[in-house]
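When a ligand or atom number is given, it counts from 1 through the structure's own listing order.
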Amino acid sequence: MSHPVSPDAADAAGARGERVFVKSFGCQMNVYDSQRMTDLALTQGYSETADIAEADLVVFNTCHIRERAAEKLYSELGKAREVKQARAAEGKATKLVVAGCVAQAEGREILRRQSAVDIVVGPQNYHRLPALLRARGAVVDTDFAVEDKFEQLPPPTEAATRGRGVSAFVTVQEGCDKFCAFCVVPYTRGAEVSRPADKILAEIARLAEAGACEFTLIGQNVNAYRDEDGIGLAALLSRAADLPGVARLRYSTSHPNDMDEALIAAHAENPKLAPCLHLPVQSGSNRILRAMNRRHDVAAYLDIIARVRRARPDIAFSSDFIVGFPGETEADFEATLALVEAVGFAFAYAFKYSSRPGTPAADAPDQVAAAVIEARHARLFALLESQRQAFNRATVGRRFGVIFDKPGRHPGQLIGRSPYMQAVHAEAAAERIGLMSQVEIVDIRPNSLRGRLVEAS
Ligand code: 5AD
Ligand code: SF4
């Protein structure tokens with residue numbers, strides 16, 4: 001295995017004393033990639049800054065999922081251009097990089113819309129950043145790289161790993177072969193690819209040694225994970241659970257069709273697996289599911305929910321919904337509300353349909369009027385919000401393991417996450433940060449729970 005970036009190359013790159021600013025948009029996959037890009041910059045001699053005005057290298061890791069997400073980039077770039085100009089007036093050079101899914105989808109168009117940009121690099125190519133940084137003039141690198149970026153990237157430096165917090169994301173799978181009619185991901189992230197289990201386990205072990213104890217295995221279709229030796233997600237989770245320092249495991253995001261028996265059984269058998277499942281359904285109407293090319297119907301979805309509940313009765317479900325997909329009628333929308341009532345979600349995201357260029361649904365003739373989408377979204381949101389509050393209320397009096405990760409606003413208070421991802425505030429000593437503590441929930445706030453420390457575990 002050859003790393004393009006050796007420590008010697010870092011010296012040669014001459015970035016010592018220079019600063020890097022990385023801003024992440026969109027999903028957890030991007031948060032993970034942003035961290036890997038930061039690590040890469042550190043090996044090049046940069047140090048991290050949270051102040052864009054101080055940065056010699058600015059990276060925006062972008063999201064293309066909805067129009068608003070993509071447009072946000074251009075307003076950020078406008079601001080970055082001003083910073084770059086102000087720095088130039090002081091004799092300081094700034095390299096401006098656009099990475100991620102907008103880079104992949106729009107490529108050279110980004111340079112046309114914002115000439116201050118120096119580098120456009122896709123999500124499969126960012127391991128080549130050191131070489132791109134040495135290039136003269138503006139460059140675009142969005143070919144799907146033949147080499148595996150994870151093999152090419154340097155392992156995170158120890159300094160970078162330390163202090164990354166108690167909860168870590170680890171990308172185990174990328175890409176999507178499902179081609180839902182609304183979605184850009186198969187085009188921006190490419191085909192489904194799984195990383196080798198031993199590489200993932202080594203990364204988890206390293207992060208655990210550096211203080212992380214909760215791990216979320218992430219992928220666009222994480223439950224389609226299968227490495228070249230045939231190891232699936234359930235086996236990977238089981239091996240991860242055996243690593244020292246691993247207290248809790250999660251995985252996200254899953255497609256209903258990839259919920260196999262082994263993974264459902266893992267919810268019964270793997271004690272470190274959190275009792276949560278994020279399982280996007282998008283719509284409760286069979287007609288719309290068909291038009292979305294989801295390849296499952298409502299009955300199949302409800303059947304999976306029932307089977308997972310049998311395996312793990314205290315499981316909580318979350319989901320994603322799209323309202324106003326082309327052709328959605330009032331009856332289709334009512335069917336979505338009925339599905340929500342039937343399942344009972346701990347929380348869920350309701351998205352307004354956003355037409356994305358290049359996807360099959362973008363050209364559908366029967367687009368739903370914006371005002372109708374707005375009204376349906378408000379109704380769905382209200383229902384999901386009432387379910388979220390009911391779920392939170394039902395945790396009062398329950399005891400469970402909370403992993404504290406930071407001090408709260410009040411002295412003596414810490415904030416952590418429940419197994420169900422709820423924020424929990426409790427009086428506890430700072431030494432408890434990074435440890436699993438038994439907490440009894442005593443009260444709820446609009447966006448968090450209040451707990452009482454019962455005992456350490
Ligand atoms: N419009 C609105 N929401 C979308 N999503 C994906 N594509 C679109 C789109 N074109 C939502 C889906 C997916 C989540 C990550 O984003 O609900 O599960
Ligand atoms: Fe956004 Fe999807 Fe790309 Fe993630 S994969 S950054 S959500 S477009």
Side-chain angles (χ1 to χ4, degrees), residues 24-33 61-72 100-102 104-106 123 169 171 173-189 192 216 218-224 251-259 276-285 288-289 291-296 298 301 304 317-328 332-333 336 339-340 343 345 347-364 366-370 372-374 376-378 380-381 383-384 421:
S24 201
F25 300 86
C27 65
Q28 296 170 342
M29 310 279 301
N30 269 11
V31 175
Y32 177 85
D33 287 339
N61 195 16
T62 61
C63 174
H64 199 242
I65 196 97
R66 283 169 290 274
E67 192 180 353
R68 261 211 2 226
E71 281 306 313
K72 204 149 70 187
C101 294
V102 181
Q104 188 65 43
E106 299 189 3
F169 296 138
T171 291
Q173 179 278 341
E174 287 192 290
C176 179
D177 297 341
K178 306 288 189 293
F179 291 91
C180 297
F182 49 80
C183 190
V184 288
V185 169
Y187 314 100
T188 56
R189 291 274 179 169
E192 289 175 2
T216 306
I218 54 175
Q220 265 99 24
N221 274 288
V222 74
N223 58 341
Y251 62 94
S252 186
T253 285
S254 297
H255 190 285
N257 290 2
D258 291 318
M259 283 308 300
C276 310
L277 176 58
H278 185 67
L279 197 61
V281 63
Q282 315 296 356
S283 169
S285 153
I288 294 297
L289 288 173
M292 286 177 163
N293 191 32
R294 286 289 293 176
R295 307 175 209 211
H296 64 79
V298 171
Y301 184 81
I304 295 164
F317 293 101
S318 54
S319 197
D320 294 343
F321 292 90
I322 295 179
V323 294
F325 184 80
E328 185 187 76
D332 293 319
F333 176 67
T336 295
L339 179 139
V340 173
V343 175
F345 291 100
F347 71 90
Y349 301 101
F351 300 109
K352 297 172 199 164
Y353 172 70
S354 169
S355 173
R356 308 306 291 124
T359 59
D363 302 322
D366 38 5
Q367 304 283 326
V368 178
V372 174
I373 294 184
E374 205 61 53
R376 287 182 190 163
H377 180 265
L380 178 57
F381 182 84
L383 176 59
L384 292 171
M421 292 290 288

Visitor: Who are the side-chain hydrogen bond (donor to acceptor under 3.5 Å, both in side chains) partners of E71, not counting sequence neighbours?
Guide: R113
Visitor: List for me each residue that meets salt bridge (Lys or Arg N to Asp or Glu O under 4.0 Å) alongside R376, sequence neighbours excluded, and say none if there are none.
Guide: E328, E330
Visitor: Below 4.0 angstrom from a heavy atom of K352, which ligand 1 atoms are there? Numbered from 1 as shown, please.
Guide: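 It comes down to these atoms of ligand 1: 1 (N), 2 (C).
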Visitor: Provide the number and element of each atom of ligand 1 under 4.0 Å from a heavy atom of R356.
Guide: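 Those of ligand 1 that fall under 4.0 Å from R356 are 10 (N).
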Visitor: What are the two closest non-hydrogen atoms of S285 and D332, and how far apart are they?
Guide: OG-OD1, 2.8 Å
Visitor: Ignoring hydrogens, what is the shortest heavy-atom contact between D258 and A224? Give both atom names and the distance.
Guide: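 Where D258 meets A224 most closely, the heavy atoms are OD2-CB, 3.5 Å.
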Visitor: Answer with yes or no after comparing the ring centroid distance for F345 and F321 against a 6.0 Å cut-off, counting only values under it.
Guide: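 Close enough - the centres of the two rings lie under 6.0 Å apart.
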Visitor: If you measure every N or O of Y353 against every N or O of ligand 1, does any of those distances drop under 3.5 Å?
Guide: no
Visitor: Using every non-hydrogen atom in the two residues, find where I65 and C183 come nearest and quote the distance to one decimal.
Guide: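 So the minimum-distance heavy-atom pair works out to CD1-SG, 4.2 Å.
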Visitor: Record the part of Q282 in heavy-atom contact with ligand 1 below 4.0 Å; permitted values are side chain, backbone, both and neither.
Guide: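 Contact part for Q282 vs ligand 1: side chain (C-beta onward).
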Visitor: So, is S355 polar-close to ligand 1, with some N/O to N/O distance under 3.5 Å?
Guide: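 S355 vs ligand 1: no N/O contact under 3.5 Å.
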Visitor: Select the closest option to atom 11 (C) of ligand 1 among R66, M292, H278, R68, judged by heavy-atom distance.
Guide: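 Result: the heavy atom closest to atom 11 (C) of ligand 1 is in R66.
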Visitor: Side chain, backbone, both or neither: which part of F351 comes within less than 4.0 Å of ligand 1 when only heavy atoms are counted?
Guide: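 The part of F351 near ligand 1 is the side chain, not the backbone.
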